[in-house]
Protein chains: 2
Amino acid sequence: MNGQQFQALAELFSAFSDASRLKIIASLSAGEKNVGTIAQEVDLTESATSHHLRGLRQMRLVRGRKEGRMVFYSLLDEHVEQLYRIGKEHILHG
Amino acid sequence: MNGQQFQALAELFSAFSDASRLKIIASLSAGEKNVGTIAQEVDLTESATSHHLRGLRQMRLVRGRKEGRMVFYSLLDEHVEQLYRIGKEHILHG
DNA sequence: GGAATATTTGAGCATGTATTCATATATTGA
DNA sequence: TCAATATATGAATACATGCTCAAATATTCC
């Protein structure tokens, strides 16, 4: 692991380091959803939700599938759920 | 998972969301070390290292064992290395 | 084309964070 | 006791981050 790789790893964990984004990830772990639905479920404005989704998309943790005027987001990678699940275990029975 | 739990989980991941702290964790995954040694290995001042170790200690991710005037730190929990390892895999072969 | 709906974008602001510097505390050994 | 060493602490600062608000873009339906 060189300096850049440590930086990249820090950025990966940063994606999980906010309660709103974790709620989004938790919501998407139940299946793909469009932005408005996510926003409602996690209790954020659609703008804030969209900003978070952009970050998650840039980190390649979610992907968006456009259908009509809606965009359906889903988790992109098994590691995403794996990290979420292990962290959750640590919190709940740690 | 309620709001407080999402917040706690976010704080857990925040501990991993900084390259310097990840280097400290990586260094400690090879075994316990005192502050000066860690500082040297991860190329931080001892003060900055100590600040980070305090945070990690408060999160119960590391513990310090005092021996004379040195304090030897080590990883506290299997989840710490597990999270680090899975994140690393994601970065390296993701 | 024009209204309605869904999402995105960028600026601005308030809050959080990592580091540095100076200093404090604790321990050892002369 | 005094100097030297190891670590911790608190204030200050520079930078990052999350949210809001207003506005832009894209799509559908009339």
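Keep in mind that the numbers below use all heavy atoms, side chains included, and drop hydrogens, waters and symmetry copies. Within every chain, numbering begins at 1; the chains are lettered A, B, ... in the order of the sequence lines, protein sequences first and strands thereafter.
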- request: Take nucleotides 23-30 of chain C nucleotide by nucleotide from the 5' end and write B, S or -, depending on whether a protein heavy atom sits under 4.0 Å from the base, only from the sugar-phosphate, or from neither.
  value: ---SBB--
field: Residue list, salt bridge (Lys or Arg N to Asp or Glu O under 4.0 Å) with A:Lys33, at least two apart or on another chain
entry: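 Partners of A:Lys33 under the salt bridge (Lys or Arg N to Asp or Glu O under 4.0 Å) test: A:Glu41.
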field: Sequence-distant partners of B:Glu11, salt bridge (Lys or Arg N to Asp or Glu O under 4.0 Å), two or more places apart
entry: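 Per chain and number, B:Glu11 pairs via salt bridge (Lys or Arg N to Asp or Glu O under 4.0 Å) with no residue.
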- prompt: Looking at CG of B:Asn34 and CG of B:Leu53, how far apart are the two atoms once the value is rounded to the nearest 0.5 Å?
  reply: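 Between B:Asn34 CG and B:Leu53 CG, I get 10.5 Å after rounding to 0.5 Å.
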Distances for protein N/O vs nucleotides 10-17 of chain C N/O pairs under 3.5 angstrom?
residue	atom	partner	partner atom	Å
C:dG10	O6	A:His51	NE2	2.9

field: Distance, rounded to the nearest Å, where A:Leu53 contributes CG and C:dT9 contributes P
entry: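 Between P of C:dT9 and CG of A:Leu53: 11 Å.
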- request: Describe the nucleic acid contact of B:Ser20 in one word from base, sugar-phosphate, nothing, applying a heavy-atom distance below 4.0 Å.
  value: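 The answer is sugar-phosphate, as B:Ser20 gets under 4.0 Å only of primed atoms, P, OP1 or OP2.
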message: Mind checking if A:Tyr73 touches a base, just sugar-phosphate, or nothing, with heavy atoms under 4.0 Å?
response: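 Result for A:Tyr73 = sugar-phosphate.
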Applying side-chain contact (heavy atoms from CB on, under 4.5 Å), name anything that partners [X], two or more places apart in sequence or on another chain.
| X | result |
| --- | --- |
| B:Glu78 | none |
| A:Arg69 | none |
| A:Gln4 | A:Asn2 |

query: Which pairs with one or both residues in residues 8-66 of chain B pass ring-ring contact (aromatic ring centres under 6.0 Å, His included), sequence neighbours excluded?
result: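 Qualifying pairs: A:Phe13-B:Phe16, A:Phe16-B:Phe13.
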query: So, does A:Thr49 use its side chain to make a donor-acceptor pair with the main chain of A:Thr45 at under 3.5 Å?
result: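 Checking the backbone N and O of A:Thr45 against the side chain of A:Thr49, a donor-acceptor pair under 3.5 Å is found.
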- request: Give a yes or no on whether the backbone of B:Ser14 and the side-chain of B:Arg21 come within a donor-acceptor separation of less than 3.5 Å.
  value: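 Yes.
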Report all side-chain donor-acceptor pairs from residues 55-62 of chain B shorter than 3.5 Å, counting only partners two or more places apart or in another chain.
residue	atom	partner	partner atom	Å
B:Arg57	NH1	B:Tyr73	OH	2.5

- request: Would you grab the first and last nucleotide of DNA chain D (5' to 3') that comes under 4.0 Å of any non-hydrogen atom in chain A?
  value: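 Under 4.0 Å from chain A, the extent on DNA chain D is D:dG18 to D:dT28.
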Within residues 25-45 of chain A, residues whose heavy atoms come under 4.0 Å of DNA chain C: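 The answer is A:Asn34, A:Val35, A:Gly36.
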query: Does a side-chain heavy-atom distance below 4.5 Å link B:Leu22 with A:Gln7?
result: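 No, too far: nothing below the 4.5 Å cut-off.
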Extract all donor-acceptor atom pairs below 3.5 Å that involve side chains of residues 81-94 of chain A and protein atoms in other chains or at least two apart in sequence.
residue	atom	partner	partner atom	Å
A:Arg85	NH1	A:Glu89	OE2	3.4
A:His90	ND1	B:Asp77	OD2	3.3
A:His90	ND1	B:His79	ND1	3.1

- request: Show the numbers, then the answer: is there a side-chain contact (heavy atoms from CB on, under 4.5 Å) between B:Ser29 and B:Leu75?
  value: CA-CA 7 Å; B:Ser29 75; B:Leu75 300 184; 3.9 Å; yes
